[in-house]
Structure formats: structure tokens, C-alpha cells
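By convention here, the first residue in the shown sequence is residue 1. Worth saying up front: this structure is predicted, and the values here are computed from it rather than measured. Only heavy atoms go into these numbers, but all of them, side chains included; no hydrogens, no water, no symmetry mates.
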Amino acid sequence: NGSTMINAAAGIFDATGNSVFNVTGFNTTNGDTLTINGDGVHSVVLNFDGLSVNFNNQVILNNISPDQVLYNFVGGSNLSGGPTLQINDNGHNNPQNLVQGDFLNPNGPVSITNTNLDGRVFGGDSHDIQVVSGDNIVMPVPEIPSSELFGVGSAVLSLVAIWRRKLSR
């Protein structure tokens with residue numbers, strides 16, 4: 001409740017190396033800040049088990065990207081009966097306000113209002129996901145490792161060389 005700091009190293013590590021936290025209560029206002037300190041390696045998963053949440057706070061990420069933070073809402077089944085997620089950080093009135101991370105709520109309704117979000121939202125129950133006025137949603141672009149870029153570039157150059165040889169025959 002209120003402003004909170006989470007350190008990735010304090011979580012319970014799952015089989016894939018995610019640092020997992022089970023959230024049993026969550027109550028914030030527009031003036032509160034959730035700070036997540038990463039360790040540069042592990043992703044952070046916050047499991048909200050059956051909790052309906054008004055996510056009104058700001059999020060500051062240190063040494064972790066928005067794509068490495070998952071707010072996972074658990075409850076309900078078959079795309080219904082899950083917890084309600086409302087995101088409103090008063091970002092339209094305060095452009096410096098920012099919520100960061102990816103939200104997953106497959107069985108509950110979702111509403112995003114007046115929010116600056118650096119991340120993604122998945123879910124929405126059997127209802128539509130409501131995205132209301134005053135929102136600014138920026139989806140992070142996944143980083144492509146330089147080794148993959150080199151491999152793709154090499155393959156393209158090889159194909160161009162083969163194509164030129166065929167044309168010159």
C-alpha cells in the first residue's frame with residue numbers, strides 16, 4: 001500500500017528464472033510510486049491472485065525494462081469471472097506520470113483511463129478492453145541482439161550474391 005520498492009533479487013525464482021512476487025493487497029493513489037529495482041538479468045512477475053486493482057500509481061524501473069515486468073492477474077476461468085483491472089495514473093494532467101510494464105488479465109475486465117503507459121495490456125474478459133480518453137500508450141520495441149542482426153545481414157548478402165550470379169549467366 002502506498003509507495004513501495006521491490007528488488008528483483010528478493011523474489012522467488014521460478015524454473016525459467018523469473019523473480020516472482022505474490023501480491024496479497026494493493027492500494028495506491030496517483031501520488032504513490034512503485035519502484036522496481038532489477039538485477040539486469042531476471043524478469044519480475046507480480047501475481048495478483050483474485051485481486052481487483054485500481055492501478056493509480058506511477059512506476060519507476062531501475063536496471064530493468066518494461067518488457068521484463070509482468071503484472072499477472074489470476075482468477076476466473078474461460079475468459080470470465082476474473083478480477084477487474086483499472087489503470088489511471090492521471091497522466092493526461094501530469095505528463096511526467098508513467099506506468100511501465102506489461103499487464104495480463106485474461107479473465108477480467110480492463111479499463112485504461114488518463115494514463116501514460118510504457119508497455120502492453122492483454123486480456124479483457126468477455127468484455128472489450130476499454131481505452132478511454134487521455135491515454136498515451138507506447139509499446140516497447142523488443143531489442144534484437146546484434147548476433148541475430150549480423151546473421152540476417154549475412155543471409156541477405158548471400159542471397160543477393162546468388163541472385164547476381166544467376167542474372168550474369
*Between Ile87 and Val74, is there a shared hydrophobic cluster once you connect ILVMFWY residues whose side-chain heavy atoms come closer than 4.5 Å?*
no
*Connected via hydrophobic side-chain network under 4.5 Å: Val45 and Phe122*: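 Looking at the clustering, Phe122 is in the same group as Val45.
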Between [X] and [Y], which heavy-atom pair has the shortest distance, and what is it?
{"X": "Gly82", "Y": "Pro109", "result": "O-CD, 4.0 Å"}
{"X": "Gly31", "Y": "Ser3", "result": "O-OG, 4.4 Å"}
{"X": "Ile137", "Y": "Gly119", "result": "CG2-O, 4.0 Å"}
{"X": "Ala8", "Y": "Gly38", "result": "CB-CA, 4.0 Å"}
{"X": "Ser19", "Y": "Gly11", "result": "OG-CA, 3.3 Å"}

*Reference residue Asn62; test side chain to side chain donor-acceptor pair (under 3.5 Å); the match among Thr35, Asn7, Asn37*: Asn37
*Considering the options Asn97, Asp89, Asn90, which one meets the side chain to side chain donor-acceptor pair (under 3.5 Å) requirement together with Asn93?*
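Output: one option passes, namely Asn90.
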Please report the interatomic distance [atom1]([X]) to [atom2]([Y]), rounded to the nearest 0.5 Å.
{"X": "Thr29", "Y": "Asp32", "atom1": "OG1", "atom2": "CG", "answer": "3.5 Å"}
{"X": "Ile129", "Y": "Ser111", "atom1": "CD1", "atom2": "OG", "answer": "10.5 Å"}
{"X": "Thr28", "Y": "Asn54", "atom1": "OG1", "atom2": "CG", "answer": "7.5 Å"}
{"X": "Asp67", "Y": "Ser43", "atom1": "CG", "atom2": "OG", "answer": "8.5 Å"}
{"X": "Asn105", "Y": "Phe103", "atom1": "CG", "atom2": "CZ", "answer": "10.5 Å"}
{"X": "Gln96", "Y": "Asn116", "atom1": "CD", "atom2": "CG", "answer": "9.0 Å"}

*For Leu104 and Leu70, what are the C-alpha separation, side-chain angles and deciding distance, and is it a side-chain contact (heavy atoms from CB on, under 4.5 Å)?*
CA-CA 7 Å; Leu104 175 62; Leu70 176 66; 3.9 Å; yes
Answer whether the closest heavy-atom distance between the side chains of [X] and [Y] falls below 4.5 Å.
{"X": "Val44", "Y": "Ile64", "answer": "yes"}
{"X": "Asn136", "Y": "Thr115", "answer": "no"}
{"X": "His42", "Y": "Phe13", "answer": "yes"}
{"X": "Ile6", "Y": "Leu34", "answer": "yes"}
{"X": "Ile36", "Y": "Val69", "answer": "yes"}

*State which residues pass side chain to side chain contact (heavy atoms under 4.5 Å, CB included) with Gln100; sequence neighbours excluded, sorted by chain then number.*
Val59, Leu61, Pro66, Leu98, Asp118
Is the side chain of [X] donor-acceptor paired with the backbone N or O of [Y] at a distance under 3.5 Å, no angle test?
{"X": "Gln130", "Y": "Val110", "answer": "no"}
{"X": "Asn1", "Y": "Asn27", "answer": "yes"}
{"X": "Asp135", "Y": "Asn114", "answer": "yes"}
{"X": "Asn107", "Y": "Gly75", "answer": "yes"}

*Could you pull out all residues at least two apart from Phe48 that satisfy ring pair (Phe, Tyr, Trp, His ring centres under 6.0 Å)?*
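Listed in chain order: Phe26, Phe73.
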*Among all residues two or more places apart in sequence or in another chain, which pass the ring pair (Phe, Tyr, Trp, His ring centres under 6.0 Å) test with Phe21?*
none
_Verdict with reasoning, Phe55 to Val99, per side-chain contact (heavy atoms from CB on, under 4.5 Å)_ = CA-CA 9 Å; Phe55 206 90; Val99 173; 3.7 Å; yes
*Does the side chain of Thr16 come under 3.5 Å of the side chain of Asn18 through a donor N or O and an acceptor N or O?*
yes
*asked:* What I want to check is whether the side chains of Asn47 and Asn72 have a donor and an acceptor closer together than 3.5 Å.
replied: yes
*Heavy atoms of other groups near Asn78 CG, more than 12 under 6.0 Å*: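 At most 12 heavy atoms, drawn from other residues, nucleotides or ligands, come within 6.0 Å of this atom.
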